[in-house]
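Have a look at the structure below before the remarks.
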Amino acid sequence: MEFNLSEEQEMLKKMARDFLTENCPKSLVREMEEDEKGHSVELWRKMAELGWMGLIIPEEYGGIEGSFLDLAVLLEEMGRAPLPGPFFSTVVLGELLLLEVGNKEQKQEYLTKAAQGQVILTLALNEAESDLDPDSMTTTAVAKGDEYIISGTKMFVPDAHVSDYIICAARTSEGVTLFLVDTKSSGIQCNLLQTTGGDKQCEVVFNEVKVPTKNILGEVNKGWSYIERWLPKAMVAKSVEILGGIQETLEMTADYAKDRMQFDQLIGSFQAIQHHCSNMMIDVNGSRFLAYRVAWMISEGIPCTKECYITKAWVSDASQRVVVLGTQVQGGTGIMKEGNMQFYFRRQRVAEVMLGSSDFCREKVAQEMHL
Amino acid sequence: MDFKFTPEQEAFRKEVRAFLKSEVTDELVEEVNSGLGLGPAGWEYVRKLGKRGWLVPMIPKEYGGLGASFWERFILNEEIYYCFPEFIQYFGANIVAPIVMEIGTEEQKKEYIPRIARGEIEFALGYTEPQAGSDLASIDIRAVEQDDCYIVNGQKTYNTACHYAQYHWLNARTSTEGKKYKGLSFFIVPLDSPGITINPMWTMGGERTNEVFYDNVKVPKKNLVGQKNRGFYHMMDALDHERMFPITHIQRGLDDLIKYVKGTERNGKLLIEDPLIRQKLAQFAIDIEVGRGMGYRIVWLQDHSKPGGHETSILKVFVTELERRLTYTAVHIMGQQGALRYQSYCSSPIAGWLEHWFLADTRRTISAGSSEIQRNIIAQRGLGLPRS
Ligand SMILES: Cc1cc2nc3c(=O)[nH]c(=O)nc-3n(C[C@H](O)[C@H](O)[C@H](O)COP(=O)(O)OP(=O)(O)OC[C@H]3O[C@@H](n4cnc5c(N)ncnc54)[C@H](O)[C@@H]3O)c2cc1C
């Protein structure tokens, strides 16, 4: 066994930390919450130059052909920053799914552009009353000549308002089908939602949107089977991003406890505070050694569906405990808008229910256990 | 033992409920939830409460109260909290009035209590300073005697309500000799006094609080409340009043959450049919009954002029932590909808305000004495465990 990252991964981690420290200061994070786009085009361009959007894309499509574990390293740093914008959408919701299901021409066309940071991708899966569930999905796609017509309303679609392509899951004759939809098509309307975390999500209304048959991903009616293959990995990706946030929360909180004086002592000398910090560390370490072990399994191609669900279940809950203790230890400072703790508190809230809440994941684990 | 309210108290509750039903408009609730404290609608409503003597029911009639007991105040607060789960405290009525009644001069009682009772004035609590949060004995804003005044210099932080209150309930240092907690005193200071600067601070839940600077502010000597240099003890008594609240806001949250799960489908099923959710809701009904008992216990102590002491701390920890658990469980049950801000047009009104409340109440386990401090009090004063 080896718990250390490889030399290249350590370099990637360090580069990401340095780059984001310099290019994604908290002032930018704050600004982007208010900004309608929600990300800096300048920063996006710089990340593209570093090849980050091509990290998991094969060389034949202009990528770096890194592993899932490499991606995990990068996502952790992004969660720590915390980086605003459509990186996760483009790479995890878009590229990772396209890699799973796209045909050669589709990959050639879309992954090549995505690798260069030329297009932003996202995925429209859920609806107001449908959360990771094919049966209750109401958005439909009806064949008409060499086109399909999509109608319905998707919800909680991250970054749709700045996306070039949306992968849309829609109900077809006998199941769900995935369509790659150009956001310039007529009939698409994006309504920006305000979230607890200040990230950007949209309601996307498809009003008889025409999509050419060649933009179907995989086979008609088989869409959900691709989602089921992709989703566990996406959950692990979300989990390592959350991990970055709680690692930062832990460090920030411990630093605070070593600096803040009350009753002529450092508050870190009170056992109540020490126990809070210890509990945070137990949760952060638990998350780390679970999430990275599973990310490694994905990288190695070892079957790990159950472990993926376990990861998101645990990290969702553990991260909630960590941010609550972080705010508690930092007292008034921890909950003020002016400070940095609140970013992590609010972002955790969004992330824990994105791509499967712990309740959802536990049910999946139970199914994997054949209960 | 007897756990009934008297028929008169039951009738009083009915009267209060009917009043609130007609007076608590959407506009008023929205104003309260704005995090800005009392605005035009809020002041009007407070004055209407005042007209009935309901702001300070336990204060004698001659000072504008009803001459009733702490039970009437509690009944009132139970009904009010049900209407405003994100409650705003009426600091003047709930905290300053009973303390001034106890330790103030006759002149002070006449000057402030009737106006508090009528809902004309509000107070802002002036305890916390940058270096004195949990450790209030370290308060360092200085009040130095000069002729018939005290000259006050220094800084306060997190002083909520300063931007709409008329008076500061200021705890300041009047002596630097001996033990730190033996050099503090209370003052009532008009917030429009020359030399006071008030700057806004915002919580992540959008609530406004303030930092306040005193630069050679003249405070007449007659504004000193209670005994000079006994302000720390008075402050502890005042905190007992602040840590005292009913549990009906949580009941309201639960009722609204139940409405939401009864009316919302996810993945083809009404949420209310989910056994996991049913368990969670039932647990809140259980916890609320526990909190109810704790609250009544404190009122009974007050009614018998006994100190609440560590039992108030038990109530404070239990209720605020239950509130946090409720709002978190609510947004968790709502799934992705629970992570939408209340302004989002697609968020249902109930979902919207529960999300808002979730962020706003992050402060409850910190302000008015953190949970850790309450637990220290319970262990040390309640159980006699040694101080570390
Ligand atoms: C929204 C808001 C509104 C407020 N309104 C008012 C107001 O109107 N007027 C006013 O005067 N103040 C107000 N406060 C201040 C509030 O009372 C303080 O924030 C609180 O007392 C905690 O102080 P602190 O923030 O400095 O945290 P600290 O005292 O620095 O505490 C930091 C952490 O250390 C812990 N700690 C401290 N001492 C001990 C100990 N001995 N043992 C174990 N743990 C310990 C605390 O529990 C906390 O977890 C408000 C605060 C907020 C956030």
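Because the structure is a prediction, the values reported are computed rather than measured. No hydrogens, no waters, no symmetry mates; every other heavy atom, side chains included, goes into these values. Here is the naming used below: chain letters follow the sequence lines, and residue numbers restart at 1 for every chain.
- Within 6.0 Å of the CD atom in B:E273, the count of heavy atoms belonging to other residues, nucleotides or ligands exceeds 12.
- Annotation: B:K262, atom NZ; neighbour count of heavy atoms from other residues, nucleotides and ligands within 6.0 Å does not exceed 12.
- Judged purely by atom type and a 3.5 angstrom limit, A:E129 has no side-chain atom pairing as donor or acceptor with the backbone of B:N267.
- B:Q337 contributes atom CD, which lies 11.0 Å from atom CG of A:D131 (distance to the nearest 0.5 angstrom).
- Proximity to chain A (any heavy atom under 4.5 Å) is shown, for B:A137, by neither the backbone nor the side chain.
- For chain B, the option among A:M354, A:Q201, A:R260 with the highest count of heavy-atom pairs below 4.5 Å is A:R260.
- For B:E207, no part lies under 4.5 angstrom from a heavy atom of chain A.
- For A:T333, the parts lying under 4.5 angstrom from a heavy atom of chain B are both the backbone and the side chain.
- Heavy atoms closer than 4.5 Å to chain B are found nowhere in A:Q271, neither backbone nor side chain.
- The side-chain contact (heavy atoms from CB on, under 4.5 Å) search around A:A254 returns A:K258, not counting sequence neighbours.
- Proximity of A:M336 to B:T209: side-chain heavy atoms (C-beta onward) are separated by under 4.5 Å at one or more points.
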One pair to check against side chain to side chain contact (heavy atoms under 4.5 Å, CB included): B:R266 and A:D133. What are the steps and the verdict?
CA-CA 9 Å; B:R266 185 181 308 140; A:D133 175 49; over 6 Å; no
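- Contact of A:D135 with chain B is not made at all, since no heavy-atom distance falls under 4.5 Å.
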Please lay out, stage by stage, how B:E372 and A:Q328 fare under the test side chain to side chain contact (heavy atoms under 4.5 Å, CB included).
CA-CA 9 Å; B:E372 291 72 26; A:Q328 191 63 28; 3.0 Å; yes
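- Between the side chains of B:H332 and A:Q320, not a single donor N or O lies within less than 3.5 Å of an accepting N or O.
- Both the backbone and the side chain of B:E265 have a heavy atom closer than 4.5 Å to some heavy atom of chain A.
- For B:R375, no part sits under 4.5 Å from any heavy atom of chain A, backbone or side chain.
- In the displayed structure, B:E30 atom CD is contacted under 6.0 Å by at most 12 heavy atoms of other residues, nucleotides or ligands.
- At a 4.5 Å heavy-atom cutoff, the contact between B:S371 and chain A is made by backbone and side-chain atoms alike.
- The residues B:K180 and A:D264 are annotated as salt-bridged, a charged nitrogen and a carboxylate oxygen being separated by less than 4.0 angstrom.
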Could you go step by step and tell me if A:R346 and B:M204 meet the side chain to side chain contact (heavy atoms under 4.5 Å, CB included) rule?
CA-CA 8 Å; A:R346 290 184 295 110; B:M204 67 166 120; 3.9 Å; yes
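- Using a 4.5 Å cut-off between heavy atoms, B:I373 touches chain A through its side chain atoms alone.
- For the pair B:L340 and A:E203, the minimum side-chain heavy-atom distance is 4.5 Å or more.
- Both the backbone and the side chain of B:T362 come within contact range of chain A, each with at least one heavy atom under 4.5 Å from a heavy atom of that chain.
- In this structure, CZ in B:R341 is found 6.0 Å from OG1 in A:T196, a value given to the nearest 0.5 Å.
- The stretch residues 328-367 of chain A participates, sequence neighbours left out, in these ring pair (Phe, Tyr, Trp, His ring centres under 6.0 Å) pairs: A:F345-B:F358.
- Note that OG of B:S370 is 9.5 Å distant from CD1 of A:I267, once rounded to the nearest 0.5 Å.
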Worked check of side chain to side chain contact (heavy atoms under 4.5 Å, CB included) between B:R324 and A:V324:
CA-CA 10 Å; B:R324 294 290 304 277; A:V324 165; 4.1 Å; yes
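- Between atom CG of residue B:L359 and atom CD of residue A:Q342 there is a gap of 9.5 Å, rounded to the nearest 0.5 Å.
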